[in-house]
Trainee: 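Structure provided below as structure tokens; questions to follow.
The chain is numbered in sequence order, starting from 1. Every heavy atom of this structure was used, including side-chain atoms; hydrogens, water molecules and symmetry mates were not.
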Amino acid sequence: MQTKPNILLLQGEDIGRHQGCYGDLKAHTPNLDRLAEEGVRYTQAFTHAPVCAPSRGGMVTGRYPYSLGNHHMRCSLAKPPRTFTQELRDAGYFVNWNTKLDFNFVPQEGWRDEASNWHEKPAPEQPFFLYENFSVTHESRMFPNRPGWHENLPEAEGIPMPDPSTLEVPSHLTDCPEVRMELAKYYQAMTILDTQVGNRLRWLDDQGVRENTIVIFLSDHGRGLPREKRWCYDAGLHLPLIIRRPGGLDAGTVRDELIAWVDIAPTILSLAGAPIPESYQGRCFLGEERSPPRECVFAGRDRMDEVFDRVRVVRDSRWHYIRNFAPNLPWAQYQHYMEQQEIMGVMRGQARKGELKGAQAAFFAASKPEEELFDVGRDPECLHNLAADPGCAGVLNRMRERLDAHLRDVVDLGEITEEELIERGILEDSLADYHARRELADRNSVLGDFPFPTTLREARDAGLVE
């Protein structure tokens with residue numbers, strides 16, 4: 001008789017907490033809402049990176065990307081570590097990881113058994129770990145050149161696009177037809193994803209394995225909109241996390257403990273009864289190896305494809321502190337992939353005409369402050385920077401100290417140039433690809449001549465960062 005629990009990990013792509021169970025009244029997500037009713041919904045769960053590959057790479061290794069070396073988007077580790085799935089296989093699990101690697105490294109041989117559509121086959125007889133990524137909500141689905149993107153998806157049949165005029169536009173974005181259409185596409189895709197999740201949960205029922213299977217649903221980072229995906233504000237890092245355990249354990253529970261994405265790997269191993277490598281930097285929040293609750297979580301942003309930046313974050317249950325190591329670089333550097341969103345062109349035009357106010361205008365400014373501090377309980381969109389507020393000086397110093405200690409503890413490689421990381425044998429040499437992307441961005445940019453560097457060395461050479 002099988003005693004180890006099966007584990008099903010379902011990951012949405014480019015989604016924030018836009019589900020009914022998280023209080024979004026415009027979301028139609030009955031399957032995820034039911035999963036939350038049958039399990040635990042976490043309200044304070046955070047990724048360590050606001051873009052896919054560093055987020056996933058840290059999740060599967062239990063280590064912060066800027067400590068491991070895979071912190072730059074589209075870099076590749078020369079000597080990748082073991083993923084937690086290898087530990088599961090050593091513990092007797094069958095592993096089927098069928099979609100979306102994107103870890104900023106090629107996993108070691110033997111990290112999985114299969115990469116097939118597991119939901120179209122009988123359940124494995126031995127304890128299993130199954131993974132699926134749902135790409136229907138990816139940022140690219142909102143691009144204007146993607147009409148009919150969902151027509152080949154059977155789950156999309158009969159799912160209408162919501163009326164754009166009824167949707168709420170975040171105050172950090174311009175309220176215009178273009179962004180309302182992007183939001184409508186997003187909510188339609190969110191419902192399609194929910195239907196896909198429902199089908200996978202139904203497979204567990206049909207196979208008779210529901211009562212011995214742990215289900216985990218989460219995202220990789222925030223929604224694919226400006227100042228959300230790719231940025232270290234709440235909207236880019238604060239994500240859904242729902243876990244259903246056998247026997248209805250803690251069904252309908254809501255927990256507000258701080259969870260980090262580096263905690264996912266050790267927690268899965270703990271639930272599976274598998275040894276946890278000493279190299280892991282995450283903590284267990286469930287299972288026999290459960291750790292004390294976190295006081296804070298950490299995150300960072302580095303190069304995004306052809307665009308360099310370096311940002312680090314510490315967040316507790318109330319305060320969100322950001323340190324910008326390259327304040328002389330704007331938030332809204334021209335990044336070719338992101339610029340395919342219509343809202344970027346609209347807001348850039350408004351910025352040139354001086355039509356933007358507040359956080360919208362600041363986002364397109366030529367520089368950014370060295371420090372940002374937000375009281376997210378009162379300011380969830382992170383619009384009002386309190387770093388210069390004398391009344392917050394004590395909080396600011398406390399958050400500074402927490403971040404400094406963390407970066408020392410994990411040995412932040414973000415202050416080392418990619419050229420040196422390549423020389424040390426930590427990274428493969430991908431610099432030619434980065435520069436080709438930069439040249440493409442320069443040719444297509446509407447910004448004219450600008451000193452946006454691709455790497456830390458270029459930023460230092462240009463005097464834009466120490």
Trainee: Can you tell me how far apart CE (M347) and SG (C176) are? Round to the nearest 0.5 Å.
Mentor: 8.0 Å
Trainee: What about the rings of F143 and Y337, do their centers lie closer together than 6.0 Å?
Mentor: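 Yes: the rings meet the under 6.0 Å criterion.
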Trainee: Report the C-alpha separation of K121 and E114 in whole Å, then their side-chain angles, then the decisive distance to 0.1 Å, and conclude whether the salt bridge (Lys or Arg N to Asp or Glu O under 4.0 Å) test is met.
Mentor: CA-CA 12 Å; K121 304 164 62 175; E114 283 188 13; 2.7 Å; yes
Trainee: Do the ring centers of H72 and Y434 come within less than 6.0 Å of each other?
Mentor: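 H72 vs Y434: aromatic centres not under 6.0 Å.
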Trainee: Would R230 and E139 pass as an ion pair if we require N to O under 4.0 Å?
Mentor: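 The answer is yes: the pair qualifies as a salt bridge.
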Trainee: Mind listing the closest non-hydrogen atom pair of Y93 and D113 along with its distance?
Mentor: O-OD2, 3.8 Å
Trainee: Checking side-chain polar atoms at under 3.5 Å, does Q11 have a donor or acceptor matched by the opposite partner on R56?
Mentor: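 Yes, because at least one side-chain N or O of Q11 sits under 3.5 Å from a partner of the opposite role on R56.
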Trainee: Should the ring pair F129 and F84 be called parallel, tilted or perpendicular, given that the plane angle runs from 0 to 90° and is split at 30 and 60?
Mentor: perpendicular
Trainee: Is the F285 ring parallel, tilted or perpendicular to the Y42 ring (thresholds 30°, 60°)?
Mentor: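 Perpendicular: the ring planes of F285 and Y42 meet at over 60°.
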Trainee: Would you mind checking if D433 and R74 are paired as a salt bridge, meaning a charged N to carboxylate O distance below 4.0 Å?
Mentor: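 No, this pair does not count.
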Trainee: Any ion pair linking E87 and R82 (charged N to carboxylate O, less than 4.0 Å)?
Mentor: yes
Trainee: Just how far is it from atom NE2 of H119 to atom CG of L201, taken to the nearest 0.5 Å?
Mentor: 12.5 Å
Trainee: Roughly how far, to the nearest 0.5 Å, is the CD1 atom of I264 from the OG1 atom of T61?
Mentor: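 Rounded to the nearest 0.5 Å, the OG1-CD1 separation comes to 12.5 Å.
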Trainee: Do W118 and F128 have ring centroids that are under 6.0 Å from one another?
Mentor: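 No - the distance between ring centres of F128 and W118 does not fall below the 6.0 Å cut-off.
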Trainee: How far apart are the C-alpha atoms of N96 and S116, what are their side-chain angles, what is the distance that settles it, and do they pass the side-chain hydrogen bond (donor to acceptor under 3.5 Å, both in side chains) test?
Mentor: CA-CA 7 Å; N96 190 330; S116 61; 3.0 Å; yes
Trainee: Counting N and O atoms only, with roles assigned by atom type, does the side chain of N98 sit under 3.5 Å from a partner on the main chain of N117, one being a donor and the other an acceptor?
Mentor: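 It does not hold such a pair.
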Trainee: Is R312 salt-bridged to D302, going by a charged N under 4.0 Å from an acidic O?
Mentor: yes
Trainee: Measure the spacing between NE2 of H320 and SG of C382 and express it to the nearest 0.5 Å.
Mentor: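 Reported value, rounded in 0.5 Å steps: 5.0 Å.
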Trainee: Please work out which of the three classes, parallel, tilted or perpendicular, describes the rings of Y64 and F298, given edges at 30° and 60°.
Mentor: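 F298 vs Y64 ring planes: perpendicular.
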Trainee: Indicate whether the side chain of H18 and that of Y186 have a donor and an acceptor atom separated by less than 3.5 Å.
Mentor: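 A pair is found: one side chain offers a donor N or O, the other an acceptor, under 3.5 Å apart.
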Trainee: Under 3.5 Å, is there a donor-acceptor pair between the side chain of Q86 and the main chain of T83?
Mentor: yes
Trainee: Identify whether the distance between the nearest side-chain nitrogen and carboxylate oxygen of R402 and D316 falls below 4.0 Å.
Mentor: yes
Trainee: So, R141 and D14, do they make that salt bridge, N to O below 4.0 Å?
Mentor: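 So R141 does not pair with D14 through a salt bridge.
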Trainee: Decide whether a cation-pi geometry holds between R315 and F46; the criteria are a distance under 6.0 Å from NZ or CZ to the six-membered ring centre and an angle within 45° of the ring axis.
Mentor: no
Trainee: Salt bridge or not for E257 and R283, using N-O below 4.0 Å?
Mentor: no
Trainee: Would R41 count as a cation-pi partner of Y22, with NZ or CZ less than 6.0 Å from the six-membered ring centre and within 45° of the ring normal?
Mentor: yes
Trainee: Could you walk me through whether D263 and R294 satisfy the salt bridge (Lys or Arg N to Asp or Glu O under 4.0 Å) test, starting with their C-alpha distance in whole Å, then the side-chain angles of each, then the deciding distance to 0.1 Å, before giving a yes or no?
Mentor: CA-CA 10 Å; D263 300 340; R294 284 179 166 273; 2.8 Å; yes
Trainee: Can you confirm if the aromatic rings of Y131 and W111 lie within a centre distance of less than 6.0 Å?
Mentor: no
Trainee: For the residue pair Y321 / E371, report whether a side-chain donor-acceptor contact shorter than 3.5 Å exists.
Mentor: yes
Trainee: When rounded to the nearest 0.5 angstrom, what distance separates CD1 in I159 from CD in Q188?
Mentor: 7.5 Å
